[in-house]
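The structure under discussion appears below in the form of structure tokens.
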Protein chains: 2
Amino acid sequence: MDTSRPGRPGAPVTIGRVAEAAGVSRATVSRVMNGLASVDPELAGRVREAAARLGYEPSTVARSLALGRTGMVAIVVPDLENPMFQRVLHGLTDAAGERGHRLLVAGSNEDVREEVVLAAEARRRCDGLVLCAPRMGTGQLAGMAAKLAPFVLVNREVPGIGAPSLLVDHAAGIRDIVAHLLALGHQRLAYLAGPPTSASNRDRLDALRGYPAGRFELVELECGATFADGHAVADQVLRERATAIVAYNDLVAFGALGRLHELGVEVPGQVSVVGFDDIPFARYTTPPLTTASVPQVELGHQAWHRLWALLERRTPEPDVRFTPRLEVRGSTGPAPGALRYM
Amino acid sequence: MDTSRPGRPGAPVTIGRVAEAAGVSRATVSRVMNGLASVDPELAGRVREAAARLGYEPSTVARSLALGRTGMVAIVVPDLENPMFQRVLHGLTDAAGERGHRLLVAGSNEDVREEVVLAAEARRRCDGLVLCAPRMGTGQLAGMAAKLAPFVLVNREVPGIGAPSLLVDHAAGIRDIVAHLLALGHQRLAYLAGPPTSASNRDRLDALRGYPAGRFELVELECGATFADGHAVADQVLRERATAIVAYNDLVAFGALGRLHELGVEVPGQVSVVGFDDIPFARYTTPPLTTASVPQVELGHQAWHRLWALLERRTPEPDVRFTPRLEVRGSTGPAPGALRYM
DNA sequence: TTGTACGCGTTATCAA
DNA sequence: TTGATAACGCGTACAA
């Protein structure tokens, strides 16, 4: 049988052509290229020379098929344009890249059905999955768990499905924010709610509602997760006469900030604004945004770490929960006409 | 020979198991799954039933090997955290997704060597490549062209290598910006230069230098492409007594804006600031940023369109060149103490 | 240490 | 229309 598979001059250079050129078997070429088994130095030299001369590069696809792994991981996010996810992505690519893994990225555009499809398909193309703030229901996620494994969850927790979670203690972040605002004398807080499908939105809302009655008045306003959403809802805040805005995330806070500026409302003179996440822009707005800082790049690093552990040892590591750090900047100040309590 | 490859219960569901279950050959299953050749309706039904019951999903890797294409394209960018690239990425994923293609993304962190490696490796994993503002030299790019093809260039032009370019007319953008500033009476402009390896930075710089002598004084300051770079260089601008800042991009402009605010310098009262790109944040800063608007999402769409044409017909389409649109917002105003000329 | 031969899961060719 | 069989390119027991 023809074991060397020579091929015509123009044909792609395969392992067979290298073997032929070096006068060895394909198995030997494979061994040399992967540096695994011991090979006679002289043969190895010939192989390397031939490979270099021919410009041979092993087919990743063929390797994937033979090895049963692709060297790729996928990340699925609801919104590709959210800087929060971009930083997580950045941390993830860097960490995975060090282990020779590449990244497949998919954005679901906040569409649950698309998310489900993307996650399943991405998983089949990759060795593992990072599901970033998945919007699908818990049941659906649990139902797909077997098909998706191994995978890790960011900003989402579903016990018992064998997927480690990378969490942010939203409640703690909200508590710090509220404490800060109460200390400044604010009595009436407007929460600009994120997407209803967002687990972190529920966390934050629950934390706000969980406060002992009478500490402050809470105005809940449906909003969203983008600039435009925050921009659109700012007028409502004014109508509600809230003196402070707690935004679902920094993007929403920026939108509100921009609208308030258009209306000539002073921040923080008349209204204070707080965001969540601390995306890079937050410190450069005018005024700089007070926000709960989430270690986004670190989240990406840890996501890879957890996924890697799963890929290697198949034994899930425990969840991690990051506590956001309140970054007090210029967008918060004393409530108008209020006594400061501390 | 065993043509059905039954496999044990726990084993992955392959085409062979479906064939076995449906009592047909693997070839028939393949035909049914791909809906290509005509198959007896009854057999097709049996196959579909078996596939559904077993939860069969064709291996993308095996298909890739057999088909010679992966259904993936890669995008390589210098800076994953630049919203400009994120929007291009967004446009690209959406457009490619409609054709059933997924995206591999790689960020070179502004490192040329890494960029070269990433591009080559990404290409071998995918059917095509989008090189976004590649930092590598023209010679190097031309040298790799054969290995990288098919690919398209964004924000970069290298004639004769068979790669279509998606360009932005930076010179036109700069001309509009300068005309705007001159009309406002500015005489001394500071250009905050981007990375030296950036082609678009050279374009912008050339356009500035190309102005007839005497129209204005140009102060060139080395800067970079990020917030931090712009933030750090703002003091220098003041020392140079420029009345207007032309930033390499919006990010740099934001950084400068932030620093000026910290210093109590009024924008645009004392200094005007102009960006480039018009990333989503630009309209929400305080003051909103005057900038040259680049259709980023459209750039991503067109990148896919060009790449797709290459993948299908192998005949490169002509380059496209987008003309930025000057968005005059609040960050520019009359030069201090100057007469307005129009 | 080296080579043979088979498996990875799919599609494509060609007879039947 | 269907099925056997050969690719696709590589890794790897197993034998030599």
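Just so it is clear: chains get the letters A, B, ... in the order the sequence lines come, proteins before strands, and each one is counted from 1. Just so it is clear, the structure is predicted and the values come from calculations on it, not from any experiment.
Taking side-chain N and O atoms only, Ser30(A) has a distance below 4.0 Å to OP1 or OP2 of dG11(D). Residue Ser25(B) places at least one side-chain N or O under 4.0 Å from the OP1 or OP2 atom of dG3(D).
Salt bridge present: Glu157(B) and Arg321(B) bring a charged side-chain N and a carboxylate O closer than 4.0 Å.
The interatomic distance linking Arg26(A) (CZ) with dG7(C) (P) rounds to 14 Å, in whole Å. Regarding Leu65(A), its CG atom lies at a distance of 9 Å from the C1' atom of dG7(C), rounded to whole Å. Counting to the nearest Å, the P atom of dT12(D) and the CZ atom of Arg63(A) are 8 Å from each other.
No donor-acceptor contact under 3.5 angstrom links the side chains of His301(B) and Asp94(B), judged on distance only.
For the contact set between residues 51-58 of chain A and DNA chain C, defined by any heavy atom under 4.0 Å, there are no members.
Shown are Leu89(A), Val77(A), Leu299(A); of these, the side-chain contact (heavy atoms from CB on, under 4.5 Å) with Met84(A) is made only by Leu299(A).
Aromatic ring orientation, His101(A) versus Trp308(A): perpendicular (interplanar angle above 60°, classes split at 30° and 60°).
Side-chain N/O atoms of Arg17(B) and base N/O atoms of dG9(C) include no donor-acceptor pair closer than 3.5 Å.
With a 6.0 Å radius and a threshold of 12 heavy atoms from other residues, nucleotides or ligands, Arg124(B) has its CZ atom above the threshold.
Listed for the Gln86(B) side chain is no donor-acceptor partner under 3.5 Å among the backbone atoms of Gln86(A).
Terminal axes of the helix from dT1(C)-dA16(D) to dA16(C)-dT1(D) (five pairs each, C1' rotation axis) are separated by 40°, to the nearest 10°.
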